[in-house]
Amino acid sequence: MSKKQYTKRLHDDLLVRNGGEGRGWHSRAYHRFFEGYKEQEGVDERGKVHIQRIYCGVWYERELSRGQNLRQNLCYLLLWLLALAASLFLASRNYPINRTWYGALVQLLSLIGMAWVFGGFFRSWTSPRRMTIADYKGSSMAIRRGSLLCVAVLALSAALALVHSFFVEAAEALLALGYLVPIFLFLLLNRLEANLPYSETPSEAEADSEAVEIE
């Protein structure tokens, strides 16, 4: 790509994000991954134009020592495993609600929420101590949002089981009561992460005045 073409695409992308006319350049996933970065044109030794990305956003960092951070992660994992085990146990009980398509669908949604939370764990474990906006959203925000999804879906499972207990089998009220365990565990996980202190430090890096910020 020539310097002229590259510059045109940078300016075109900026116009689109400012509400103007033009063709977008990058996908939404690209913008999420590089949020907080600025792109500018650079020229290598051969005179070819290439992209330079400079992080100008906010750095997020857990205000915990290494030992505290390890204990926090182990606590999260234990809560997640207990909630997963409780959910699978309840879903495997021989009750009419567990043999319906809508009961199975809600249980599938809960597994998706649990996978989302675990993805947040993995991003947290693999990200550097100083996290970019994308790292923070992919770890802390994923844990918080995923756990809330789990709470909502498990509450729906409990409600379905309770309704079934009135019309199909009374013993299903016990199943509804059992869902309070994983609901409490995911709610506790959510509150622990929401109350975890993170420092926010603006990046001191500077980009060219014509650089395009990725949002």
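Positions are given from 1, in the same order as the sequence printed here.
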(message) Counting only heavy atoms from other residues, nucleotides and ligands, does the tally under 6.0 Å from CZ of Phe184 exceed 12?
(response) no
(request) Check whether any side-chain heavy atom of Leu79 lies under 4.5 Å from a side-chain heavy atom of Leu192, and answer yes or no. (result) yes
(request) Answer yes or no: are there more than 12 heavy-atom neighbours, outside Arg99 itself, under 6.0 Å from its atom CZ? (result) yes
(message) Is there a continuous path of hydrophobic side-chain contacts, each under 4.5 Å between heavy atoms, that joins Leu177 to Leu88?
(response) no
(request) Identify which one of Gln107, His164, Arg93 satisfies the side-chain hydrogen bond (donor to acceptor under 3.5 Å, both in side chains) criterion when paired with Asn98. (result) Gln107
(message) Do Leu180 and Ile97 land in one hydrophobic cluster if side-chain heavy atoms of ILVMFWY residues count as linked below 4.5 Å?
(response) no
(request) Taking Ser127 for its side chain and Ser124 for its backbone only, find out whether a donor-acceptor pair lies under 3.5 Å. (result) no
(message) Strictly distance-based, threshold 3.5 Å: is any side-chain N or O of Tyr60 a donor or acceptor partner for the main-chain N or O of Thr201?
(response) no
(request) Answer yes if Ile112 and Tyr102 sit in the same cluster of Ile, Leu, Val, Met, Phe, Trp and Tyr residues linked by side chain heavy atoms under 4.5 Å apart, and no otherwise. (result) yes
(message) Using the rule that Ile, Leu, Val, Met, Phe, Trp and Tyr join whenever any side-chain heavy atoms are under 4.5 Å apart, tell me whether Ile183 and Leu188 fall into a single cluster.
(response) yes
(message) Between Arg129 and Glu61, does any NZ, NE, NH1 or NH2 come within less than 4.0 Å of an OD or OE carboxylate oxygen?
(response) yes
(request) Test Glu193 against Tyr76 for side chain to side chain donor-acceptor pair (under 3.5 Å), laying out the working first. (result) CA-CA 9 Å; Glu193 179 59 29; Tyr76 283 1; 2.7 Å; yes
(request) Answer yes if the ring centres of Trp59 and Tyr136 are under 6.0 angstrom apart, and no otherwise. (result) no
(request) Over all heavy atoms of both residues, which pair between Val117 and Ser147 is shortest? Give the atoms and the distance, please. (result) CG2-N, 3.3 Å
(message) Using the rule that Ile, Leu, Val, Met, Phe, Trp and Tyr join whenever any side-chain heavy atoms are under 4.5 Å apart, tell me whether Phe167 and Leu175 fall into a single cluster.
(response) no
(message) Students often mix this up, so state it plainly: with edges at 30° and 60°, are the rings of Phe121 and Trp125 parallel, tilted or perpendicular?
(response) parallel
(message) If I take atom SG from residue Cys150 and atom CG from residue Leu109, how far apart are they, to the nearest 0.5 angstrom?
(response) 10.0 Å
(message) For Phe122, is there any backbone N or O sitting under 3.5 Å from a side-chain donor or acceptor partner on Thr126?
(response) yes
(message) Arg62 vs Asn69, test: side chain to side chain donor-acceptor pair (under 3.5 Å). Steps then yes/no.
(response) CA-CA 8 Å; Arg62 282 184 173 184; Asn69 194 53; 2.6 Å; yes
(request) Identify the two heavy atoms, one from Glu172 and one from Val168, that lie closest to each other, and give their separation to 0.1 Å. (result) OE1-CB, 3.9 Å
(request) Nearest 0.5 Å please: distance from the CG atom of Leu78 over to the CG atom of Leu81. (result) 7.0 Å
